[in-house]
Amino acid sequence: MSLKFLIIQTSFLGDVILATALIEKLNTFYPDSEIDLLVHKGNELILSNNPKLNEVLIWDKKKSKYRNLFRIIKQVKRNRYDYLINLHRFGSSGLISFLSGAKFKSGFHNNPFSFSYTHKYKHLIGNGRHEVERNQQLIAFITDPDFAKPKLYPSHDDIGLSLKYKQHKYICIAPGSVWATKRLPLDKWVEICNGFQGNVYIVGAPNEQGLALEIIAGSENKNIESLCENFTLLQTASLMKDALMNYVNDSAPLHICSAMNAPCTAFYCSTVPEFGFGPLSDEAEIIQTELFLDCKPCGIHGFMKCPRGHFKCGHTIDINNLQAV
């Protein structure tokens with residue numbers, strides 16, 4: 001039987017990557033159905049080439065936010081979904097769900113519009129359960145409780161473009177994050193670059209090019225190249241797939257590693273993996289400070305600067321603990 005599904009995840013890029021695990025599972029159980037995903041503008045690029053997606057709906061939050069919200073609501077209603085799965089826990093997505101006309105609506109109980117859901121579940125952070133597991137609660141009643149991993153689909157061209165960078169041994173580093181207190185300090189990234197005898201590729205968003213250039217300027221390694229302005233998200237995913245190691249913060253590149261099953265060393269400064277956003281790669285390592293800090297974690301998303309002004313959770317991470325590659 002052909003069904004129509006809509007998954008809503010209008011949060012950060014990393015959250016959208018983790019949401020792809022639901023696409024994988026729904027496609028396994030309902031291969032003849034249509035699966036759509038609603039994201040905010042800018043995050044749709046990571047979903048290119050996904051053969052299991054029917055359509056990506058895009059909500060532009062930055063320009064005419066509320067006018068575009070009601071445009072999306074009309075589009076969702078027109079599509080007549082059988083099942084709507086809302087991974088977002090805030091009022092805007094709840095309103096979309098409420099007015100969607102979907103036969104079945106599944107979401108988290110702490111959404112203000114959860115009263116309209118036919119199925120709702122608790123979203124508990126801090127108990128060690130991964131976000132992918134929390135999300136998959138929402139479709140367990142029509143699939144099963146087994147764990148499915150997120151997955152990305154670089155195109156043939158994406159893979160081909162990255163091939164010329166794979167001729168010699170290399171690592172990737174992703175030093176950026178939306179939140180400053182999630183970023184490993186710059187001197188630590190320089191130390192990582194100095195300790196590797198091979199090519200180092202710095203990956204990230206175009207607006208992280210300045211940070212990349214600072215790392216290059218501070219390092220003794222002459223084989224460092226920034227790809228922040230040159231590589232798309234899926235080209236970056238293809239590159240990270242075959243790296244000897246990818247060094248990342250608790251941020252979107254970590255989840256790219258998970259979706260590509262790429263080797264991953266994840267640094268946790270102000271946050272902790274117990275929040276449920278840890279790496280899912282077969283080869284993964286988590287590095288944190290060994291100090292007990294009564295201020296860590298200081299928040300689930302981090303801050304633009306350390307609330308106490310010392311940022312010990314980042315400065316006291318010991319790079320010497322890294323496994324050799």
Side-chain angles (χ1 to χ4, degrees), residues 11-15 18 42 61-62 89-90 110 123-131 171-196 200 202-221 224 226 228 245-257 264-279 284-323:
S11 194
F12 294 103
L13 175 63
D15 299 297
L18 295 181
K61 292 184 178 183
K62 292 186 177 180
R89 303 187 302 281
F90 299 93
N110 43 348
H123 188 277
L124 300 175
I125 291 178
N127 59 1
R129 198 176 194 188
H130 200 280
E131 180 74 354
I171 62 172
C172 295
I173 66 170
S177 173
V178 172
W179 308 103
T181 60
K182 281 188 173 184
R183 300 177 203 143
L184 187 72
L186 187 144
D187 64 297
K188 305 288 184 180
W189 291 112
V190 170
E191 195 175 341
I192 292 170
C193 295
N194 288 345
F196 181 68
V200 178
I202 305 177
V203 297
N207 63 6
E208 292 165 348
Q209 175 72 352
L211 174 59
L213 294 178
E214 286 188 76
I215 294 170
I216 293 171
S219 177
E220 299 170 357
N221 189 333
I224 309 177
S226 172
C228 293
M245 184 55 65
N246 298 285
Y247 297 97
V248 300
N249 297 308
D250 175 16
S251 196
L254 184 160
H255 305 306
I256 291 177
C257 288
C264 177
T265 296
F267 300 108
Y268 284 79
C269 297
S270 64
T271 55
V272 292
E274 287 78 13
F275 283 159
F277 297 92
E285 182 181 17
I286 291 171
I287 304 291
Q288 305 183 77
T289 181
E290 295 181 355
L291 294 182
F292 170 76
L293 299 173
D294 63 2
C295 55
K296 175 183 164 74
C298 59
I300 185 171
H301 293 302
F303 295 92
M304 294 315 296
K305 63 180 181 179
C306 173
R308 297 196 180 179
H310 54 63
F311 196 41
K312 288 182 180 179
C313 60
H315 290 304
T316 60
I317 288 177
D318 188 357
I319 298 302
N320 295 317
N321 288 336
L322 299 181
Q323 295 180 3

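Note that the structure is a prediction, hence the values are computed from the model and not measured.
The existence of a salt bridge linking Arg89 and Asp15 is excluded, since no basic side-chain nitrogen approaches an acidic carboxylate oxygen closer than 4.0 Å.
Pro185 and Phe311 make their closest contact through CG-CE2, 3.8 Å (heavy atoms, listed as atom of the first residue, atom of the second, distance). The two residues Phe277 and His255 have their closest heavy-atom pair at O-CE1, 3.4 Å. Taking both residues in full, the closest heavy atoms of Thr181 and Cys306 are given as CG2-N, 3.6 Å, listed atom of the first, atom of the second, then distance. In this structure, Arg183 and Gly176 approach most closely via the heavy-atom pair CG-C, 4.2 Å. Nearest heavy atoms, Ile215 versus Cys193: CG2-SG, 3.9 Å. Among all heavy-atom pairs drawn from Ile317 and Cys269, the shortest one is CD1-SG, 3.9 Å.
Looking at Asp318 and Glu290, their side chains never come closer than 4.5 Å, going by heavy atoms from C-beta outward. Under the 4.5 Å side-chain criterion, counting only non-hydrogen atoms from C-beta, Thr271 is not in contact with Ile300. Annotation: side chain of Phe303 is not in contact with side chain of Ser270 (no heavy-atom distance under 4.5 Å). Val248 places none of its side-chain heavy atoms less than 4.5 Å from the side chain of Ile256. Taking the side chain as every heavy atom from C-beta outward, Asp250 and Gln288 never approach each other to under 4.5 Å. Side-chain contact check for Pro253 versus Asn246: every heavy-atom pair is 4.5 Å or farther apart. A heavy-atom distance below 4.5 Å is not found between the side chains of Pro175 and Glu208. Two residues are said to be in side-chain contact when any heavy atoms from C-beta on lie closer than 4.5 Å; His130 and Leu18 meet this criterion.
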Step-by-step side-chain contact (heavy atoms from CB on, under 4.5 Å) determination, Ile202 to Cys228: CA-CA 7 Å; Ile202 305 177; Cys228 293; 4.2 Å; yes
Test Cys295 against His310 for side-chain contact (heavy atoms from CB on, under 4.5 Å), laying out the working first. CA-CA 11 Å; Cys295 55; His310 54 63; 3.9 Å; yes
Please assess Tyr268 against Ile286 for the test side-chain contact (heavy atoms from CB on, under 4.5 Å), listing each intermediate value before the final yes or no. CA-CA 7 Å; Tyr268 284 79; Ile286 291 171; 3.7 Å; yes
Should Ile192 and Ile171 be marked as a side-chain contact (heavy atoms from CB on, under 4.5 Å) after you check the CA-CA gap, both sets of side-chain angles, and the distance that decides it? CA-CA 10 Å; Ile192 292 170; Ile171 62 172; 4.3 Å; yes
Can you list the steps and then say if Ser177 with Asn249 is a side chain to side chain donor-acceptor pair (under 3.5 Å)? CA-CA 7 Å; Ser177 173; Asn249 297 308; 5.7 Å; no
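Of the inter-residue distances, the one linking Phe12 atom CZ with His301 atom NE2 reads 6.0 Å to the nearest 0.5 angstrom. Rounded to the nearest 0.5 Å, atoms CD1 (Ile319) and CG (Leu184) are 5.0 Å apart. For the atom pair CG (Asn194) and CH2 (Trp189), the distance works out to 13.5 Å, reported to the nearest 0.5 Å. To the nearest 0.5 angstrom, Ser219 atom OG is 11.0 Å from Glu191 atom CD. Atom-to-atom distance recorded for His123:NE2 and Arg129:CZ is 10.0 Å, nearest 0.5 angstrom.
A distance-only check finds a donor-acceptor pair linking the side chain of Lys188 to the backbone of His315 [under 3.5 Å].
The 12-atom threshold is not exceeded at NZ of Lys312, counting heavy atoms of other residues, nucleotides or ligands nearer than 6.0 Å.
Classified by interplanar angle (parallel below 30°, tilted 30° to 60°, perpendicular above 60°), the ring pair Tyr247/Phe267 is parallel.
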